[in-house]
Undergrad: 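Input: one structure, supplied below.
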Amino acid sequence: MISITNLHAGYGALAVLFGIELKVARGDCLALIGANGAGKSTLFSTLSGLLDAQQGDIQFDGQSIIGLSPVTIVQRGLIVVPEGRRLFASLSVEENLLLGKNSKRQGNWTLERIYDLFPTLGPLRHRNAMALSGGQQQLVAIGRALMSNPLALLCDELSLGLSPAAVDVVYEALKTIRREGLTTIIVEQDIGRALSSSDNFACIRHGQIALAGRSDQVDRSAISAAYFGTH
Amino acid sequence: MVEILLNGIFIGSLYALFGIGLALTLGLMRQINLAHGDLIVLSAYAALEATRLTGLHPLIVMPVVVVGMYFIGWALQRVLIERVMGRGETSPLLITFGLSMVLQSAMQLAFTADTASLDPGFLGPASVQIGPLTMGLLPIITFGVSVGVFALTAAVFNATNFGRSVRATADDARTATLMGIDTKSIFSTAMGLSIAVSAVAAIFFGMRGTFGPFVGGNWMLYAFETVILGGLGSIWGTFAGGLILGVSQALGGMIQPSFAPLLGHIVFLVVLLVRPRGLFAK
Amino acid sequence: MTSMTANMNLVRSIIFLCVALAALAIAPFVMPAKAMTILIEFCAVLALALIWNVLAGFAGLFLMGFQVFIGVGGYVLFVTANQMGVVPFYLLPVAALGGGLLAVAIAPALFRLSGAQLAIGSWVIAEIVRLVVYHTDALGAGGGISLIVMRIVPRVDRLPLTYGAAVLVLVITLLAIVLLMNSKYGLALRAMRDNEVAAEALGVNVFWMRMAVLVIGGALASAAGAAYYLLALNISPTSGFSINWTATILFIVILGGIGTVEGPILGAIIYFALRELLIDAGTAYFIAIGTLAIMVTVFLPGGLWGLVRRLVPFDLLPIRKVAPARRT
Ligand SMILES: Nc1ncnc2c1ncn2[C@@H]1O[C@H](COP(=O)(O)OP(=O)(O)OP(=O)(O)O)[C@@H](O)[C@H]1O
Ligand SMILES: [Mg+2]
């Protein structure tokens, strides 16, 4: 579904990604882990077209998406749930969700299905999005992305700043979403959580994939070596 | 006295239309088009030429002028302003400053520096009797059209996908892009609408008063004052801001005609000092 | 090392200023009267452009209503000189005082706005002042006033003295800018230009910085405006508070390059050359320079000086690029 080869990207003169190699099969969930500043968000920005790749290729659903605009990439079915949720402050919950419809992709996500998936949101639908708790906001952010009927959902820092109970709700929702056949990549600081909710993992360090494999057959010490760069 | 106030309200409803266009681009892109007033004047001249060529009433040629001005605004954003977006607030000001200079001089070349006006035809003398008051038909239509445009704007803003996308882009353009909103097209559409709505006002203005190649600067100031008086981000606040400005000018004009703009400016300044976020900000 | 470069910078600036000053000092002996009047105007307008550029390019004060300082400077000079019956050249400091006080008076309203809104807000303020003057009989109302006291100055001395006044204002302005930019406040100003919030976080008091720059800039601008009107001998609300003043200044700064000190100098030279060359073009001239302003903004964001700098990497009036060494 997603196949990244030798990807280089950065901000102006600052190079951040150096030859990323990554494959995610259709319907799989990949956990992307790595220390602060490793380049996870930068990888997402490059995938979403906000940031131009300097070198390398990204294949999505059988076609290269290098050089496409963010709008076109959303239309192709790849969408990012950004770090920090970034809901629109002057829109209500429901209006935030409806914005996802801009992709004009056909699919079966509707407002009703989002409210079924996240029952807590139903009664809050006309509230201002910023008046919600962090956990509720994260659900709106996921719902907003789903409304674009994506093939792949990329979630940056899903549990950042959420209470343990809220994190449980978010991951419960992720399970349901995965049953729809969506391909997902999640960035998660809690490595245990990341591994238990994914099929595969990749650990990124200094802009390169330091370690990758199946989430259920992983050596903890190898992970910590890849994560912190110790031997 | 009542007549003067009514006249102020009528002019104010036109300032409100000047203002709503400016408010749209200011809220969305945090930039002010220094040529906003000159483009309004250009619409009035365009209507003048169209009526001369076809012999039709200004209100009949209005749709053509409005659509034409929409595309001029759209192109201004696409061809010029878009190139400097992201370089800070200064560059759009500099570009539209240059454009203002070009437009004023070009209009002076094409139409001389004399003032002009649009012939309202039968609407000029037509009036209606409401109770003890005799009111001109033209001011009533003007006010009605302004209210209509504001109602439409509010509806589009609150209840359409375009309106939602504009608000989302104004909040956070980068995330809007991530959600698949084509923000560049939102910007250019908004700039087109900004000028198109003002063109409606320009034609009504031209039927009632006079205009010349150099009044654009003042019109831009009135549009700006309207927006700040009402409070940026509030659609009906802008409408009220226009009325307040119109009435202030009318009252100033009562003292002495040349006092009209002065009193308007002073009311603006006082509101700015007392309620910097405007009278009707949410 | 750091202070060495800073000193070198200052020395270079001073050498440049001395050369320029020498040229300006010789000018009155070799130039015809017509050229002298243009040169007087040049000095006044260049000083104004330099000030506007510091306000907009460094302090975030993009003033579309900058003309208010020019008009007030002229009026203060004319009224005080006529009233007191003294040689008007001595009263330039009074004009500067007027400009400084004006800056203090308008700051509360101005600082409620920022960016593009501040730009237009200042224009409204300038219009208010213009209209108030227009309706004040004591200031000659719409007709304006003449500098009648100039009669006490012998005719032959008028032009050289006016020239001297304009050069003096220009030199003081240049010195003020070079010194300001090479002081610790210059660093704060550049930090503000790059990122106001970050500057505030680093302990720059943005409000007072801005206030100080506005007051000094306003005072100098009023002095420059007064110097110009010493030449014109007549001031009216329509001329003194005309938006065309700001338009001219903006054009000079755009052309030369906003946010540099050399930019306005180059811009002013080109502006005056263009104006004298195209004097017969009439309205087409404004279309041409408007188009030029648009083109330069879009395609040459650093202005012509930016282009020159890319070809010849050399500053005439360097402003310190290196942060002062941090004490540990
Ligand atoms: N907009 C930007 N401009 C310049 N540099 C940036 C920008 N965003 C990130 N960087 C730099 O790129 C590097 C990688 O940042 P990135 O945000 O991708 O890390 P991350 O893995 O997502 O970290 P975190 O876990 O803290 O979110 C960092 O060194 C950061 O300073
Ligand atoms: Mg990140």
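The sequence lines fix the lettering, A, B, ..., with proteins before strands; numbering per chain opens at 1.
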Undergrad: Looking at every non-hydrogen atom in both residues, tell me the closest pair between B/Pro261 and B/Pro257 and how far apart they are.
TA: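 That would be CD-O, 4.2 Å.
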Undergrad: Compare all side-chain heavy atoms of C/Leu50 with those of C/Val54 and state whether any distance is below 4.5 angstrom.
TA: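 Side chain of C/Leu50 against side chain of C/Val54, heavy atoms only: no contact under 4.5 Å found.
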Undergrad: Considering non-hydrogen atoms only, spot the tightest contact between B/Gly27 and B/Leu232 and give its length.
TA: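 Smallest interatomic distance, heavy atoms only, reads N-CD1, 4.3 Å.
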Undergrad: Which atom pair, heavy atoms only, marks the closest approach of C/Leu110 to C/Gly121?
TA: CD1-C, 4.4 Å
Undergrad: To the nearest 0.5 Å, what is the distance between CZ (B/Phe268) and CG (B/Leu221)?
TA: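 Spacing of CZ (B/Phe268) from CG (B/Leu221) equals 9.0 Å.
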Undergrad: Using non-hydrogen atoms only, which part of B/Leu272 is less than 4.5 Å away from chain C: side chain, backbone, both, or neither?
TA: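 Both the backbone and the side chain of B/Leu272 come within 4.5 Å of chain C.
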Undergrad: Given heavy-atom pairs under 4.5 angstrom as the criterion, report whether the side chain, backbone, both or neither of C/Leu292 touches chain B.
TA: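 Neither part, no heavy atoms under 4.5 Å.
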Undergrad: Please report all inter-chain donor-acceptor pairs (under 3.5 Å) between chain B and chain C, with distances to 0.1 Å.
TA:
{"unit_1": "B/Arg87", "atom_1": "NH1", "unit_2": "C/Thr297", "atom_2": "O", "d": "2.9"}
{"unit_1": "B/Arg87", "atom_1": "NH2", "unit_2": "C/Val298", "atom_2": "O", "d": "2.9"}
{"unit_1": "B/Glu89", "atom_1": "OE1", "unit_2": "C/Ala116", "atom_2": "N", "d": "3.1"}
{"unit_1": "B/Ser258", "atom_1": "OG", "unit_2": "C/His135", "atom_2": "NE2", "d": "2.6"}
{"unit_1": "B/Leu273", "atom_1": "O", "unit_2": "C/Arg112", "atom_2": "NH1", "d": "2.6"}

Undergrad: With sequence neighbours excluded, what pairs up with C/Ala268 under the side chain to side chain contact (heavy atoms under 4.5 Å, CB included) test?
TA: C/Phe42, C/Leu46, C/Ile252
Undergrad: Keeping to residues at least two apart or across chains, list the ring-ring contact (aromatic ring centres under 6.0 Å, His included) pairs with something in residues 82-103 of chain B.
TA: none
Undergrad: Is it the side chain or the backbone of C/Ile128 that comes within 4.5 Å of chain B heavy atoms, both, or neither?
TA: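 Both parts, backbone and side chain.
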Undergrad: Shorter than 4.5 Å, heavy atoms on both sides: which option in B/Leu93, B/Leu103, B/Val84 has the most such pairs with chain C?
TA: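 The residue among B/Leu93, B/Leu103, B/Val84 with the greatest pair count is B/Leu93.
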Undergrad: Could you work out, with ring pair (Phe, Tyr, Trp, His ring centres under 6.0 Å) as the rule, every residue matching B/Phe111, not counting sequence neighbours?
TA: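 B/Phe111 satisfies ring pair (Phe, Tyr, Trp, His ring centres under 6.0 Å) with B/Tyr45 only.
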Undergrad: Sort C/Phe286 into side chain, backbone, both or neither according to what part of it lies under 4.5 angstrom from a heavy atom of chain B.
TA: both
Undergrad: Can you say whether B/Ile228 sits under 4.5 Å from chain C via the side chain, the backbone, both, or neither, judging by heavy atoms?
TA: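 Side chain only.
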Undergrad: Heavy-atom distances under 4.5 Å only: say whether C/Met64 touches chain B with side chain, backbone, both or neither.
TA: side chain
Undergrad: For the CD1 atom of C/Ile177 and the CZ atom of C/Phe58, what is their distance to the nearest 0.5 Å?
TA: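 If I round to the nearest 0.5 Å, the distance is 9.0 Å.
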Undergrad: Can you name the nearest heavy-atom pair linking C/Ala109 to C/Ile125, along with the distance?
TA: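 Looks like CB-CD1, 4.2 Å.
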Undergrad: Please identify, among C/Pro108, C/Ala119, C/Pro301, the residue contributing the most non-hydrogen atom pairs under 4.5 Å to chain B.
TA: C/Pro301
